[in-house]
K.L.:
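Dropping a structure here in structure tokens format, bear with me for questions.
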Amino acid sequence: MTDTSIRVGLLVDGDPTAEQRAAEAWIGARDGAAVEVVSFEALAAGQALAPPASPEPGDADGSRSLGESYPGAGVGDGAGRFDVLWWHRDRPLGGANPLADAAPAVEAFLAAGGGLCLSLYAFAAVDALSVESVPPDRVGDDALGEPTGVLWRSLHADHPALDALDGLRHPLRRRGTVPGVRYERVLPRAGEPLASTVRGDTAVPEEVTVVSWPAGDGAVLGVGAPVLFAEPPTDGHTEHDPRLDAARDRLFAGCLRSLASPEAVPSRPESADDMRRLRERVDEAGEDGPGGRPAYHLTAPANWLNDPNGLIRWNGRYHVFYQYNPGGPYHNSIHWGHAVSDDLVTWRDEPVALAPSPDGPDRDGCWSGCAVDDDGTATLLYTGGAGRDQLPCLATTDDPGLRSWEKYEGNPVIEAPPADLGVLETDAWRAEFRDHNVWREDGTWYHLVGTGLSDGGGAALLYTADDLREWTYEGPLLTGGPDAGAVWECPELLDLGDRRLFHVSDYENVVYFLGTLEDGELVVDSEGLLDHGDFYAPQSLDDGDRTLTWGWLPEARDVADQWDAGWSGALSLPRVIELGDDGGLRQRPAEEVTDLRTEQIADHRDVRLDAGDRRRLDAAGATIEIDAEIALDDAEAVELSVFETPDRAEHTPIRYERDGTLTVDRAPSSGDSESFTDPQSMSVPPYDEPLSLRVFVDRSVVEIYANGRHCLTSRVYPTREDAVDVSAVAEGGRASLTRLTAWRLDGLMEPSQNSP
Ligand code: DQQ
């Protein structure tokens, strides 16, 4: 800060430390800044906030220094004396919280438009104020091994802290032992995270170090990153880096400046309108071309999304909940996000439906689960995480919009996994025991929980109940054996008429089994993969007519790219899953998806493809659907490329070979070296020839349905705006496109003017 007129009251408790003296000198040396020292006693006694009689704040003479105590002038109009109170404490609080005694005075100051900055250990005291109930859970010293600082959220890149800085990563300190105060396993309940941590070149999103809260007409800012003003002790071989000091000066001056104009302080999005604005902020930041956020696949408004949860049709509306981290685009403190639709075509973002309860069995996260209709009461069963335990929890609502939920006070509804089973223990969990699929059959509730067994392989455990709160363990529905993935996540059993379809997610794939249920066990006749690409943890609902399934489409690019984008994760299109006449699995997009078509852009018939003769098809677009039928004739392979630049520097080939292998080759998809390049393949057996394809291209999604049976979904990230062309070529002989129709597809989020 070189140009800001700001009046700072520097809060001190006890004898000032060298660091506090350095902080005072730092702020006092900023152009236009004036600083006075305020003791907590004076503050608590209501003496410190009145405007001074003279001289006027901002005059050089108005400043006092640490060591001189401010005499106070009685309680005045509250907002007159300081713009910002700043408590910068470099020593542990040691159980004391001076802010608690001063809370009434501070809250009056905030109510009148003042700003409060809590840095280093002072950040840990925020719960003494009415603005926040969950304090940082990591409070201690860090021995720095490499330059460490803030990893700012792209969503808040317009914050004054970044005004004089480029980019989102700003190391602030490189050596010494420094206070490290942050949210790690939990998030603030009310505060909006602004920044996490960067250590060397590594982004550490789950260490949240800067948080803001609007408060009254004012605002609070917590800064647990290493913002220090005293020279670090020399270690004899690391040079002092003045660039870090410069970054600190700019960043922290911007932090203080933001508190002097609290109307600009970001608050935690809560209402449906907030969610819509959140989505718009991410959309405005760019990413609406190839490689960007999908337009017609469901995403969270911003931040992180993984598994679909609690899918239910309720009062005629489709509700999709999903695993959501409001703290940023990374998986950590998991809440349930929520979207709703009347028609599967137009969706609206809803407020967060479930958040961890600070003292509950879900305090570290509300993990995956399902929704059921319990005799007219919508009820959720989900996994609560707390420490090393994960156990089933229940919540109900009588809200027809399913927005607010009440957690059952008897949670968890199962106290522990079956004792004698040998459930797998890992570093993270005392027992891998999570994810819930609940259904009612012949008057009994059935409940599957995913797990792993210590003597090998994933398993799904079956429980029964008369009501949803008391469960009896019946035994495993199915175990995978030593060759299966170590843990089966998100098990789901679907009744498809003649046979049951059971699927699990084994950390890599979604494996399905077709078979029959006999005495609580699944007798398997066949198995396969529901999707052969980036598709995980699917869940389904029965809407009376059909089984609709959504899966999570995880990102296929590194953490840093996801951080910069500000969003992560999408859901697949809703898929109808059913059995064919031959008893095999059929999968197709729900009919409603065709309502997303806005314009037909191609209608080719009987296009002959000669070997090596590439045909560009007039089907260009980043948000399109292609419906094609391809006959190999005497060719060895046919390649249909999407997301193609005119020079073919970027393109995503979908290649079909005579042996029935269909591959999405991601090596040429993107110029971004941080996106994944491994090919993804599936077998589309030759008996299915000619190949019939529906391909949904949506900015960073290619979702393929082959012959109404086999699915492969790939995440790809073309970088060029002109990566929109579609072409086809045959290899080793002639082939034909017997039919290729393409449409442009619209977005599916409700336009803002229709939001309530
Ligand atoms: N994701 C959830 C778990 C589940 C996993 C946590 C699958 O409940 O096992 O976000 O992606």
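Remember, it's 1-based here, ligands and their atoms both numbered in the order they're listed. Remember, predicted model here, so these are calculated numbers, not experimental data.
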K.L.:
Tell me whether Arg666 contacts the main-chain N or O of Arg715 through its side chain, where contact means a donor paired with an acceptor under 3.5 Å.
P.N.:
yes
K.L.:
Within a strict 4.5 Å, meaning less than it, do heavy atoms of the Leu194 and Arg153 side chains meet?
P.N.:
no
K.L.:
Between Thr713 and Asp534, do the side chains contain a donor N or O and an acceptor N or O under 3.5 Å apart?
P.N.:
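Asp534 vs Thr713: no donor-acceptor pair found between side chains.
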K.L.:
Just the distances, no angles: every ligand 1 N or O to protein N or O pair closer than 3.5 Å, one line each.
P.N.:
{"unit_1": "ligand 1", "atom_1": "1 (N)", "unit_2": "Asn306", "atom_2": "ND2", "d": "3.3"}
{"unit_1": "ligand 1", "atom_1": "1 (N)", "unit_2": "Asp307", "atom_2": "OD2", "d": "2.7"}
{"unit_1": "ligand 1", "atom_1": "8 (O)", "unit_2": "Ser368", "atom_2": "N", "d": "3.2"}
{"unit_1": "ligand 1", "atom_1": "8 (O)", "unit_2": "Asp435", "atom_2": "OD1", "d": "2.4"}
{"unit_1": "ligand 1", "atom_1": "9 (O)", "unit_2": "Arg434", "atom_2": "NE", "d": "2.8"}
{"unit_1": "ligand 1", "atom_1": "9 (O)", "unit_2": "Asp435", "atom_2": "OD1", "d": "3.4"}
{"unit_1": "ligand 1", "atom_1": "9 (O)", "unit_2": "Asp435", "atom_2": "OD2", "d": "2.5"}
{"unit_1": "ligand 1", "atom_1": "9 (O)", "unit_2": "Glu489", "atom_2": "OE2", "d": "2.7"}
{"unit_1": "ligand 1", "atom_1": "10 (O)", "unit_2": "Asn306", "atom_2": "ND2", "d": "3.0"}
{"unit_1": "ligand 1", "atom_1": "10 (O)", "unit_2": "Gln323", "atom_2": "OE1", "d": "2.5"}
{"unit_1": "ligand 1", "atom_1": "10 (O)", "unit_2": "His331", "atom_2": "NE2", "d": "2.7"}
{"unit_1": "ligand 1", "atom_1": "11 (O)", "unit_2": "Asp307", "atom_2": "OD1", "d": "2.7"}
{"unit_1": "ligand 1", "atom_1": "11 (O)", "unit_2": "Asp307", "atom_2": "OD2", "d": "3.2"}

K.L.:
Checking Arg440 against Trp445: charged group under 6.0 Å from the ring centre and within 45 degrees of the axis?
P.N.:
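Yes, cation above the ring, under 6.0 Å and within 45°.
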K.L.:
Can you see whether His710 engages His532 through a side-chain donor-acceptor pair at a distance of less than 3.5 angstrom?
P.N.:
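Side-chain D/A pair, His710 to His532: absent.
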K.L.:
Walk me through whether Trp367 and Phe433 qualify under ring pair (Phe, Tyr, Trp, His ring centres under 6.0 Å).
P.N.:
CA-CA 11 Å; Trp367 281 21; Phe433 185 66; over 10 Å; no
